[in-house]
Amino acid sequence: MRTKLDKNILWHLPLILAVFLQLWPIIFMASTSFKDMNQIFTSTLNPLPFPPTLNNYVAVLEDFPFWTYVYNTFLIATLVTVCKIATSVLAAFAFVYYEFKGKETIFNFMLLTFFIPITVLIMPNYLLMSKLGLLNTPWGVILPQIADGMGIFLMRQTIRGIPKPLLEAALLEGAGAIGILTKVVLPLIKPSAIAVTIFFFIHSWNEYFWPLLVLQDKENYTLPLALQMFISAEGGSEWGIAMAVAMLTSVLPLLLYLFCQKYILSTFLQSGVKG
Amino acid sequence: MKNIEFKAVKKKYDETTVIQELNFSIKEGERLVLLGPSGCGKTTTLRMIAGLEEISEGQLFMGGAVVNGVAPGKRNIAMVFQNYALFPHLSVWENITFGLKIQKLTEQEMTKRAKEALEILNLTGYENRKPKELSGGQKQRVALCRAIVKQSPYFLLDEPLSNLDAQLRQQARTELVKLHEIYKPTMIYVTHDQVEAMTIAQRIAIMNKGELQQIDTPENIYHRPANTFVASFIGTPPMNLLSAHVRDHWIFIGDACVPLDASWDKVIAGRSRIILGIRPEKCLLAGEKPMVPAEVSYVENLGSQRTLRLTLKNHENVFVSTKDFTQTANSTKGFSFRWEDVSVFDYKTGVNIGYPIKEGGKNE
């Protein structure tokens with residue numbers, strides 16, 4: 001018993017440290033957002049705001065077009081997510097359901113896209129968006145992201161887990177491909193599809209680099225871009241306000257994750273186990 | 001006419017031929033069982049009828065029309081899968097009416113059919129349950145229910161009873177036959193279980209290595225097997241197959257010399273070696289003066305009968321089933337048989353060479 005406990009402590013120490021390191025910036029962010037300027041720049045370590053103030057939040061909501069940024073971000077994240085999940089499910093279904101020449105080759109090429117660094121794609125994508133006249137519009141951010149190799153891969157793994165006789169039974173009952181997809185496949189992969197949808201949404205919501213390149217006018221900015229305004233020299237490093245924006249930015253993804261945690265975990269576990 | 005006909009049908013996967021030229025037909029309203037060992041191509045054959053496997057060569061006729069290119073959903077087929085393939089996210093009722101909704105039947109007709117089927121299969125009251133809340137036997141009945149509500153002229157079953165325990169299986173067999181009597185569809189049933197085949201089938205098609213070995217009534221399959229494969233596949237223990245030499249009017253089994261019955265003269269004429277097939281229950285234990293002397297090497301008690309393994313001098317084994325518990329194994333000196341209980345096969349090909357023609361021109 002004793003040795004088991006010792007062993008557990010040994011294992012837990014580095015894990016606790018890792019969790020702390022992960023959480024520290026978030027705690028720091030939350031705490032700073034409730035502090036006024038004087039508390040932020042004290043010489044002593046004051047992890048908790050005393051007294052807490054809501055001034056930063058009031059400033060953000062009153063003096064900045066915060067809701068415009070929320071709308072921009074939400075529009076882009078929603079459209080990107082809808083497009084990505086639709087293409088992922090449709091492509092994955094085709095990879096499982098249809099037999100066609102070169103199926104494996106196409107799938108393997110698609111897997112290769114995982115390994116292409118995003119920086120390599122930025123030039124061609126930027127030029128393409130520029131030629132299409134989509135720079136400085138939400139569409140320029142959305143268009144290059146409507147399909148996702150990882151999404152197709154995850155959905156394919158899930159659909160492959162559905163026993164083939166189920167699809168055949170539906171086929172014999174007279175259902176067509178669309179019928180099988182909507183009446184049999186989608187209800188069965190719902191948990192995984194929800195998880196991947198949330199994953200896509202959070203990813204798109206937090207995206208910084210690509211919108212930074214495409215969006216130039218401030219009124220088109222998304223939340224992560226707006227955040228940068230408060231930290232740069234221009235905003236005079238308003239840490240309290242910056243942290244309040246950061247807090248508000250992370251609320252939605254955090255809530256989404258908390259509510260759908262079980263789907264997300266099971267999906268990633270499943271993709272590792274099944275093959 | 002809702003018959004099914006195979007004309008030179010072959011199935012190939014790349015270069016491997018898994019079904020060699022199939023030629024046979026299934027009559028309208030018939031109960032045909034496809035029987036054979038694992039990997040013999042029986043399920044592939046069934047799936048070709050269902051349209052779930054493409055036909056590589058030849059033609060498949062259903063109701064007189066070629067259906068090679070017809071989609072599974074358009075063949076008007078009901079099928080029961082080995083693992084039932086019930087939709088786990090739908091209730092029993094939704095599972096049963098799944099196909100009917102696609103067929104766009106009226107609500108009234110749908111309810112009528114589903115209720116009737118549920119009643120026949122004793123499932124009333126289970127309509128709102130999900131498949132995971134059902135036992136194996138109930139799932140199997142829901143699968144049957146889903147198949148019969150379609151009232152298709154073709155009813156395909158792929159080892160539907162293999163996941164049930166022995167007791168339920170017997171009950172389900174009776175239910176299946178009863179169901180068939182009600183709706184009279186053309187029924188094709190795949191199994192590797194010979195008891196199922198013998199009890200359910202009106203005709204059995206025995207397959208091996210992608211080839212049809214024999215298609216006939218259970219009676220003929222059992223008593224007049226077309227070749228040594230069928231003879232040894234059907235029956236527990238299987239038919240005894242003894243190699244024998246023929247000289248003049250005598251045949252030699254082991255070191256025994258048995259006079260050839262005159263009725264067989266014409267059939268066996270010209271052959272020097274044959275394979276003699278005798279069912280274990282047709283072998284008669286002999287205490288004194290057996291036709292073929294042998295020693296008892298093993299006795300198995302099955303409760304209602306005993307199976308004795310006799311070993312001939314040439315080390316060939318013969319199984320004898322007997323209900324006689326009085327005769328002790330020790331006093332057995334060998335076995336005898338009657339010539340009308342014998343099948344004779346070609347020594348090289350194993351094909352049944354036929355039976356003596358009875359006087360009056362009719363087969364025995």
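In what follows, chains carry the letters A, B, and so on, assigned in the order in which the sequence lines appear, proteins first and then strands, with residues in each chain numbered from 1.
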If you check every heavy atom in residues 79-99 of chain B against those of chain A, which residues fall under 4.5 Å? B:Met79, B:Phe81, B:Ala85, B:Leu86, B:Phe87, B:Pro88, B:His89, B:Phe98, B:Gly99

I'd like to know if B:Lys101 pairs up with A:Glu173 as an ion pair, taking the criterion as any Lys NZ or Arg NE/NH1/NH2 lying under 4.0 Å from an Asp or Glu carboxylate oxygen. no

Heavy-atom pairs under 4.5 Å with chain B: which of A:Gly179, A:Ala170, A:Gly176 has the most? A:Ala170

Around atom CD of B:Glu181, are there more than 12 heavy atoms from other residues, nucleotides or ligands closer than 6.0 Å? yes

Flag yes if more than 12 heavy atoms outside B:Phe24 fall under 6.0 Å of its CZ atom; otherwise flag no. yes

dist B:Lys74:NZ -> A:Leu172:CG (nearest 0.5 Å) comes out at 12.5 Å

I need the contact set between residues 31-40 of chain B and chain A: heavy-atom distance under 4.5 Å, sorted by residue number. none

Enclosure of A:Leu23 CG (heavy-atom neighbours >12, cutoff 6.0 Å): yes

Of all the heavy-atom pairs spanning A:Gly174 and B:Ile102, show the shortest one and how long it is. O-CG2, 3.5 Å

With chain A as the partner chain, list the residues of residues 41-54 of chain B whose heavy atoms fall under 4.5 Å from it, by residue number, and write 'none' if nothing qualifies. B:Arg47, B:Ala50, B:Leu52

Give a yes or no on whether B:Glu119 atom CD has more than 12 heavy-atom contacts from other residues, nucleotides or ligands under 6.0 Å away. no

Within a radius of less than 6.0 Å around CD1 of A:Ile178, do more than 12 heavy atoms belonging to other residues, nucleotides or ligands occur? no

Show me the pairs that pass side chain to side chain donor-acceptor pair (under 3.5 Å) and involve residues 175-190 of chain A, at least two apart or across chains. none

